[in-house]
Every structure is written in structure tokens, then in C-alpha cells.
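Remarks on the structure that follows.
In what follows, every chain begins at residue 1, and chains take the letters A, B, ... in the order their sequences are listed. Keep in mind it's a predicted model, so treat the numbers as computed, not measured.
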Amino acid sequence: MLLRMSSLFLRTLREDPADAEVPSHRLLVRGGYIRRAAPGGYTYLPLGWRVYRNIERVIREEMDAMGAQEVHFPALLPREPYERTNRWTEYGDDIFTLKDRKGVDYLLGPTHEEMFTLLVKDLYSSYKDLPLWLYQIQTKFRDETRPRAGLLRGREFVMKDSYSFDVDDAGLDASYSAHRAAYIKTFDRLGLDYVIVAAMSGAMGGSRSEEFLTPAESGEDTYVRCTNCDYAANTEAVRVPAPASLAYDEVPAAHVEDTPDTPTIETLVALANSRADLRRNDRDWTAADTLKNVVIKVAHPGGKTEVVAIGVPGDREVDVKRLAAQVHPSLVEQFTETDFADNPGLVRGYIGPAALGERKPAGVRYLLDPRVVEGTRWITGANEAGRHVFDLVAGRDFVGDGTIEAAEVREGDPCPNCDSGTLVMARGIEMGHIFQLGRKFAEALDLRVLDENGKQVVVTMGSYGIGVSRAVAAIAESTHDDLGLCWPREVAPADVHLMATGKDDSVFAAAATLADELVARGLDVLYDDRRGVSPGVKFKDAELLGMPTIVVVGKGLVDGVVELRDRRSGDREDVAVDAAVDRITAACRP
RNA sequence: CGGGGUGUAGCGCAGUUUGGCAGCGCGCUGCGUUCGGGACGCAGAGGUCGUGGGUUCAAAUCCCGCCACCCCGACCA
């Protein structure tokens, strides 16, 4: 394939577009790969569409290679299946819904679990048909409140979603592993850096779940890695290791103290350290010695709202994302002034364990951070304004109704997987997500098969996604440099960026011949045949556009050489004209 | 949804404070020069100043409403 820049539908921009902040967005627009067409919707120009199609091809090849079969659903879907799995309401405002002329409800598919489940139910009814792996590459719609960063988060985007159907848990494990392996191959081929992190299964329900994240500053997911072992997890999924219980024989009985004007942890710690009767003799009090009790409301899907208190060490904030992931699909709501007024037993700023718990008068469920183990001693609220209780010992003086992973995760926290490592934090772009759905959808939609004993069993499912359009941006994000884009070979819109510099007809003739010969070898060539464009412009464009190999036909021609450059390394070499085709082809087919 | 910012030619911006001919750079068209690192001269084309209303002799500029975009937060496979 030969693309001539003199006629290619392309305009590169000398300056950064004002509305683009992250590098991938900036460079894709500047390089003439995409243009914004709607809020959260982008048009692919010829070069961008070639990248997109290459990514799609790699994904399709790997899915086919693992034995998954491609199907294709409509994007416009009926309401009923989503009603039956509760997701019509669970997804809520995030789905685009519409009515036809008769007033019947439809949605634009945000994901297709229901449809796949029903399709399999429609055709299969025996364990002999399983396992079955189906996938599609489809445009998805989500009414994101805030699309951002070009292709990274759109309201219309393309996703490869696949689904596995198995008769038992062992089968699901095998299907999951097969997908995991295929994803590793896929992302390797795409030239993407990635880490595989433990994840929450989110809106899907189910159990085991991992995300493939591409490390990037502009990423929206925060994850942790261990400095010592191979543990990695989305912060939402981090499990805090519970320390061993402590002996508390020596701890004096709990005592309530007047601590006026101490509504915050800082003021409380400062006061405790400044008063001789409260000061510790071994060391200063720190925020970590206090137990902070945060009250929130949890809105359950049925419409019921529950008040919940969360006890965390006072040196840590409650991480709203982690909390939301824990209570999903219920929603976290703020506990407002009005709510405090309605619950006189909860004294703002001075809430303590004595008032909390399902069996206490307020009836507030009390969930504790895993660090609050038996024997830990705390300063915490005494449920009266201006009073705190000291030496309150967990297990002796109070117990919670359970534990919850809601406290923030911090750099340097101990690794939950090994003894010596600590956690470091980083940001990444979610490129793929695999998870074991289990039987939630099959049960809701009644997908069953007969097993070998002739008994009806509910099918167990897995669900596996790759953001295809997002990958365009993620690859740009993880491979660009100061000069511009820098595509991996497998996804680049062309193998070679061939430019003719100068004004001599002989240069253009030689370049045109070379272009034809490279195409005859099966390479895709982007040929800058523009006349009257200065060399500087052509070099800048070549660097911005980011083909992996750049060939310059110009002043070297009188000496019988052309210049071969590697876009990524910047390496240059002069190649004799009559050896150029072989040398360039070899460079493009390492 | 909350906070902040921005909408003027294809792109980047000035002009708005203090109402008075709609400007600059890049890009685009024509002619000429230049040709290995975003060249130059001359001559051009291109704008409902986001949008609807209001004030005024007169509105890009002042007032009110709306819309869109960007950033932070909330939300989110």
C-alpha cells in the first residue's frame, strides 16, 4: 500500500490544539489522526483509521487463535434483557436510552453480557457444547458525565468483548486462564507496556478479576506494586493485611476526658500532647493512635438507605473509590447536616464506638478497618461534644459488626502478599479487564444446560474486554517522545515514511521508484512526495507522524546513498541506493 | 453533579477593562525566489465574534438566559 502525502487527507498542526491536554490526545490531533466530532466522539482520519484497524486486526487474530468465535450484535438493544438482570436501573444514567415511535424503550449497548447469554441459551442446551468462547468487536455507548482526553474516555468507543461459557468452576478457571494468556500475547504484539493487577469486579459481580493497565501519568486508575514480590493491584482491590492481635493486660481501663474544641484529629492530637495528664510517657501521640469514625449512607438498589459508620486509623482518609467498590452495586452517599439532625445519637466530630453497632440504639452498622485488631488501643470520640475516650481497647471495650477495606492506601504500606515488601503507587490506563462472572447472568436469564447425568445446571460465565479505540490512545501515550508519535511496528499506519527532499526531479524519481519497490515487497509506504515543501517541514512531519522507519532520499543521492532512520532510537545509516530495498525491508521485518 | 477556566478565520491567539471600520501569527490560493531541520517577497481568499434575548444612535465589548469545550473533584468494566 502506497500513501502519497501530496494527496493524503491529512493536515498536521504546527501548534498544540488548545483543548488537548494529555500527550496522546495532543499528538493524535496534531498529527491529523483524529478530529473531535461530538462530545466524547471522534472521527478517525485515514492515518488514525489505519492504526485503529491494525489494533483491531491483532486483537482479532489472537482471539481467533485461542479458539474464540467472532459474532456481531446490534448496538441498539431492547430493554427487557437488561431489566431482567437489573442493569437497566443499576447502570442508571450511564446508559443511553431511547424510545422508538411506538414509545418502546431501547438502549445503546454499554456492554453485552445479557445478549450473549441469551444467544447461547437460544442455541445450546448440553454440556457437550461447552466450553464455548464468543466475542465481538463492537461500538459501545456510555453516557459518561465527563468524557476526557480524546480517545481515552469517550461516550462512544469500540470494545472487544468476549464471554466464556462453562459447565463448572474448573472450566471457568480454564477459560479465564486461556483469555489471560491470549491478552498477554495481544498486548505484547501491540507494543504496549502493561501490568496485570488484581481488580474489583465492579458492576459485573463475580469473583476473580484482573486488569491490564498501561502505566501512564494520564491514566485514571491508581494501582500499587510491591517492591519485593510480583504483587500488583488496583488500589480498590488492595487487601490490607490484618496485624496480629496485641496483648492488653497492661492497658488501663478506658477513661473519658474533657477535650474541648477538638473536632478534628489534628486538634485532638495536639491537645493530648500538650496536656500533662494526657501525655504519653514513652512517645508523643500521633494521628495513628486515634480512631476516626466516619458516617456515610449506603443506598441499596432496592431503594433502601442504610447509615453505616466506618472506623479507620485517624491518620488515614476514607478513600471514596475503595469504599464505593466495597459496597457496589449500592451507592455511597454523604451524611449531611440534615442527617446529623435526624440522628441525635451521632455527635459530629466526637462519634465513638460506644454509640455504634447494629445492636446499639442508633442501629448504625459499624465496620472497622482491618488494622483495628483485638488489643489495639485508641483515642476516639466519647459521643459528647468536647469529650474523647482514651485507652479504648478493641476486643475488650468495643467490637465492630465487621471489617471493611475503605481506608486510603499509601505508598510504603506493607505488601499483603509477602513479608518484606512495601507498596509503591502508580497510575495507569485500563486496557483490558478479565473476570469470572460466575452464574449471575446465567441465573438471571436462566441459561442452563443438561450435564452428563441429565441434570439441569446453571452455566458459569467469564467476561473479558479490551478497549480497542482506547488502545489507539494508550499506545500513543506509552510510546511517544518529545518529537511526536512513535508507533510500534505492528500498529503503525505504514512501515516506512519515505521522504524526498530538495527540488531535483532525479530525487523524486528515485524516491518514487524506491517507494514502488518497497510496496512490491509488501511494505506499506507513506511517501512524502510534496513538491515545494521545505525539508524542515518534512522532517518535522515525519517525526510527528511516527512511522517506525524513516527513509530520506535527498542530497545523498549524488553519492548514491539514501538515509535510513529508526524513529524510536534515532539511529541513522547511509545505504547504497541499489541495496536500499533489501536493507529497508530487513529493517521493517526484524 | 460541585469548583475553576475558556469560546473571535482551518489552528494558535490579541482585541472585551473604558461600546465606535474585526486584527496578528501559522495554515490556505496565485506569481517569483529558496530547497537536509517548521524559508522569503509581493498579491489574495477566508469570520452569523458559541447561541438566544436585552440595553444603546451604535455591541466581540455592557446586562440576562442557554450551549459547548478544557482542568480539578464526584462518578465510571
Regarding the side chain of A:V537, the nearest nucleotide among B:A39, B:G36, B:C28 is B:A39
Base B:C69 paired with A:R36 side chain (donor-acceptor, <3.5 Å)
no
Whole-Å distance, A:R26 CZ to B:C69 P, equals 21 Å
Note to self: Assess, by modelled atom type and distance only, whether the side chains of A:S175 and A:D166 contain a donor and an acceptor separated by less than 3.5 Å.
What the structure shows: yes
Taking B:G12, B:G36, B:C28 as options, the one with an atom nearest any side-chain atom of A:A18 is B:G12
- [ ] Could you go through the side-chain hydrogen bond (donor to acceptor under 3.5 Å, both in side chains) check for A:S164 and A:H179 one step at a time?
- [x] CA-CA 9 Å; A:S164 65; A:H179 273 86; 5.3 Å; no
Base, sugar-phosphate, or nothing: which does A:E236 touch, judged by heavy atoms less than 4.0 Å apart? nothing
Q: Answer with yes or no whether A:R30 presents, from its side chain, a donor or acceptor under 3.5 Å of a partner atom in the base of B:G10.
A: no
Quick note, A:L13 side chain, CB onward, closest among B:C71, B:G38, B:C11 is B:C11
Exactly one of A:F157, A:F9, A:W49 clears ring pair (Phe, Tyr, Trp, His ring centres under 6.0 Å) with A:Y44, and that residue is A:W49
Walking RNA chain B from its 5' end, the first of A:Y163 and A:G556 to be reached, judged by nearest nucleotide, is A:G556
Give one of base, sugar-phosphate or nothing for A:E220, where a contact means two heavy atoms less than 4.0 Å apart. nothing
Taken to the nearest whole Å, CZ/A:R530 to C1'/B:A39 is 15 Å
Taken to the nearest whole Å, CZ/A:F539 to C1'/B:A39 is 15 Å
RNA chain B nearest-nucleotide lookup for A:E563 and A:R35: closer to the 5′ end is A:R35
Exercise. For B:C11 and B:G38, measure between their C1' atoms and round to the nearest Å.
Key: 15 Å
- Message: We want to know whether A:S24 and A:H480 form a side-chain donor-acceptor pair, criterion being a heavy-atom distance below 3.5 angstrom.
- Response: no
Checking all strands, does A:D16 fall into the base, sugar-phosphate, or nothing category for heavy-atom contacts under 4.0 angstrom?
-> sugar-phosphate
Next item on the list: Indicate, with a heavy-atom threshold strictly under 4.0 Å, whether A:R572 touches base, sugar-phosphate, or nothing.
Entry: base
Between CG of A:D528 and P of B:G36 the distance, given in whole Å, is 14 Å
Checklist entry - Touch check for A:G432, heavy atoms < 4.0 angstrom, all strands: base, sugar-phosphate only, or nothing? => result nothing
**Asked** Does A:R470 use its side chain to pair, donor to acceptor, with the backbone of A:L152 at less than 3.5 Å?
**Response** yes
Ignoring backbone atoms, establish whether A:K540 has a side-chain N or O less than 4.0 Å from OP1 or OP2 of B:G38.
-> no
Quiz item: Can you find a donor-acceptor pair, distance only, under 3.5 Å between A:E15 side chain and B:G38 base?
Solution: no
Out of B:C76, B:G38, B:G37, minimum distance to the side chain of A:D541 belongs to B:G38
Closest to the side chain of A:R14, out of B:G36, B:C70, B:G38, is B:G38
When rounded to whole Å, the CZ to C1' distance for the pair A:R153 and B:C75 reads 9 Å
